[in-house]
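Reviewing the structure listed below.
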2 protein chains.
Amino acid sequence: MTSPASSHEPDWTERQHDVLNAVLQLLVEVGDRLTMTDVAKRASCSKETLYKWFGDRDGLLISTVRWQAARVKVLPIDPASLDLGTLRMRLEEFAANWLTVISTKTSLALNRVAIAQAASAGGLGKIVLENGRLEMGRRLKPVLEAGRKAGLLDFPDAETAFRSYFGLVARDIQIRLLLGDEIELSADMIKTDAARAAQQFLALYGAGIPIGSADQTKTPDGTSGPTATRSA
Amino acid sequence: MTSPASSHEPDWTERQHDVLNAVLQLLVEVGDRLTMTDVAKRASCSKETLYKWFGDRDGLLISTVRWQAARVKVLPIDPASLDLGTLRMRLEEFAANWLTVISTKTSLALNRVAIAQAASAGGLGKIVLENGRLEMGRRLKPVLEAGRKAGLLDFPDAETAFRSYFGLVARDIQIRLLLGDEIELSADMIKTDAARAAQQFLALYGAGIPIGSADQTKTPDGTSGPTATRSA
DNA sequence: CGCTAAGAGTACCGTACGTTACGGTTCTTA
DNA sequence: TAAGAACCGTAACGTACGGTACTCTTAGCG
C-alpha cells in the first residue's frame, strides 16, 4: 500500500457503498447532469441521508471519486528478476491494464466531471489526476528503474521515460474517448496496442540491445508498425 | 492569425464576432457555468439579440467553437522537396504548434465544455474533435506520406504513424492540463519537447537511416527500401 | 419631422435543482 | 417490548437560469 497522502477515507459502511455505486452508475448514464434526487431515487435512500452522510453535492462527488479509485484494482508490478522478456511482459501488462481502465465507462464519466469542474473548483481534477496519471507513474517507475539497473534500459530519468511510454500507450485514445468519439476497444486491439507500445518503447529506450531479433516469438500481428527499426 | 479566411460557414458580422469573443473570454473565466445573462452583460447586448442570432445556448456555444477554430491559424505544411533535415523540421514545427495550441487557455476551456457535454449532447465534442485532433491528422499526414515517398519514412499506414507521433508529442500534457494540473509550458520547453518528439518519431519510423548523433555508423541495409511494407 | 427597424436594457415566466423540514417506518438495544 | 436512533419518502422553499416579451434609444430614410 504505497498511498502516502490518502489513508483516511474508506470507512464507509456497506449501505454507503451502495449509494456511491449508484452515483457511479448515474454518472455514466447522465454525466454531469446528475441530481441529488436522481441519486436518492436510484439508491433508494432519502436526500436527507445523502446530505447527512456526504455534506453536499460536491462532497458526494468527491467521495465517489475516492471510492472508485479505491475500487480500481490495478495489478501491482513486481520489479524483481528482470530479463528482457519479463520486462517487455511487464510493460505490456501495464499498457493493457491502463488502456482497459481509461476506456471504461466509469473512468470516462469520472474524468468528464472532473475536467468540467477543473476550471472552477479544482477539487475533483486534482483527485482524479492523483489517482490516475500520477499513480500510474508511481507504479511503473520502479519497473523502469529496475530495467535500467539490469542494463536493459537506458534513460536520463524515469519520469521522462515514463511520460514517453504514457504517450506511446495512450496516443490519442483518451482525448478522443473523452470527446465522445466512439472507438471500439476490443481486448484483442488492446493487446495489440500494448504490444506495439512496449515494442516502440524498447526501441527508444532499450540499452542498445537488438529488439526484434532472436527469441521474439510473438510478432505484433495486425496494425502494429515498426518492427524493423533496429533490424541487424 | 488574424486573417479569417473563412471558407464557407461563418459570415458573422463584426458585432457578432465581439459577442463570440466575449463568450470565449467568459468560457476561460467561468467555464461551464457561463450564463446567457453573463454573455449579454459582457458583450453589452441584450439576451434577445443573443437568441435571435444564435438560436439558443447550444447554438451560441457551437458558433463559438467554430469561430475559435476558424481563428486559430495553424501553419500549413508544405510537403514538397523533402530531405531528412526538412522533414525533421516540419515535424518539429508541427509538434511545437500543436503543443502551443493545446496549452492555450481558450483551447483548454473549449475542450472542457466539449468534454463535459460529450456525455449527453455530443454536438460540441464532435466539433472540437473534428477541428482538433482530426484536423491535425489531416494536416500532417501528407507530410508523412511525402516522407515515405522520399524513402525517409517507413510505416504501414499514415494513420498509425500519425497516432504514434501524436502520442510522442502530447504524452500526458493535455490530460494533465485538462484536469487542472498547473504545468508551465515555456517556449523553450515546447521547443525541446518538439525536438525530442521528432527525434523519437524518426527513430521509430525512419527508414533505416541512423538518427542519433549526426554521423553515426550507417547500417547498410539496402533491402529496406521505401516499398518494404508488404510484410505481415 | 414622422416612420421603421435594430438592438440595448430589463422585467418577467416556467422550471429545474440544491437544500431543508417533517411525518412515518424500520432497526437497534436494553 | 418499548424507547430511541437511523432512515425512507416526499413536500416545500429559495435560487438560478434559459427563454420570452416589452419598453426605450438610436440610426437610417422618405
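Here is how names work: the chains are called A, B, and so on, in the same order as the sequence lines, proteins then strands, and each is numbered from 1.
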Taking 4.0 Å as the cut-off, does a side-chain nitrogen or oxygen of B:Thr49 come that near to OP1 or OP2 on C:dA8? yes
Separation of D:dC7 atom P from A:Glu14 atom CD, nearest Å, is 14 Å
In B/S/- notation (B base, S sugar-phosphate only, - none; protein heavy atoms under 4.0 Å), nucleotides 14-25 of chain C written 5' to 3' is ---SSBBBB---
Could you tell me whether the side chain of B:Asn131 and the main chain of B:Ile127 form a donor-acceptor pair under 3.5 Å? yes
### Query
Would you say the side-chain atoms of B:Gln16 pair up with the backbone N or O of B:Thr13, donor to acceptor, closer than 3.5 Å?
yes
Here the distance between atom C1' of D:dG9 and atom CG of A:Leu50, to the nearest Å, is 12 Å
Check whether any side-chain N or O of B:Arg42 sits under 4.0 Å from OP1 or OP2 of C:dA8, and answer yes or no.
no
Separation of D:dA5 atom P from A:Lys52 atom NZ, nearest Å, is 11 Å
#### Entry: Any side-chain donor near an acceptor of the partner, A:Thr100 and A:Asn97, under 3.5 Å
no
- Query: When you check the side-chain N and O atoms of B:Tyr205 and A:Gln200, is any donor under 3.5 Å from an acceptor?
  - Reply: yes
Taken in chain and number order and not counting sequence neighbours, the residues that satisfy ring-ring contact (aromatic ring centres under 6.0 Å, His included) with A:Trp67 are A:His17
CE (A:Met89) and CG (A:Leu82) are apart, to the nearest 0.5 Å, by 10.0 Å
Here the distance between atom P of D:dC17 and atom CG of B:Leu26, to the nearest Å, is 12 Å
In whole angstroms, the gap separating C1' of D:dC17 from CG of B:Asp32 amounts to 13 Å
To the nearest angstrom, the CG-P distance between B:Leu60 and D:dC17 comes to 15 Å
Within the pair A:Trp53 and D:dC7, is there a side-chain N or O less than 4.0 Å away from OP1 or OP2?
-> yes
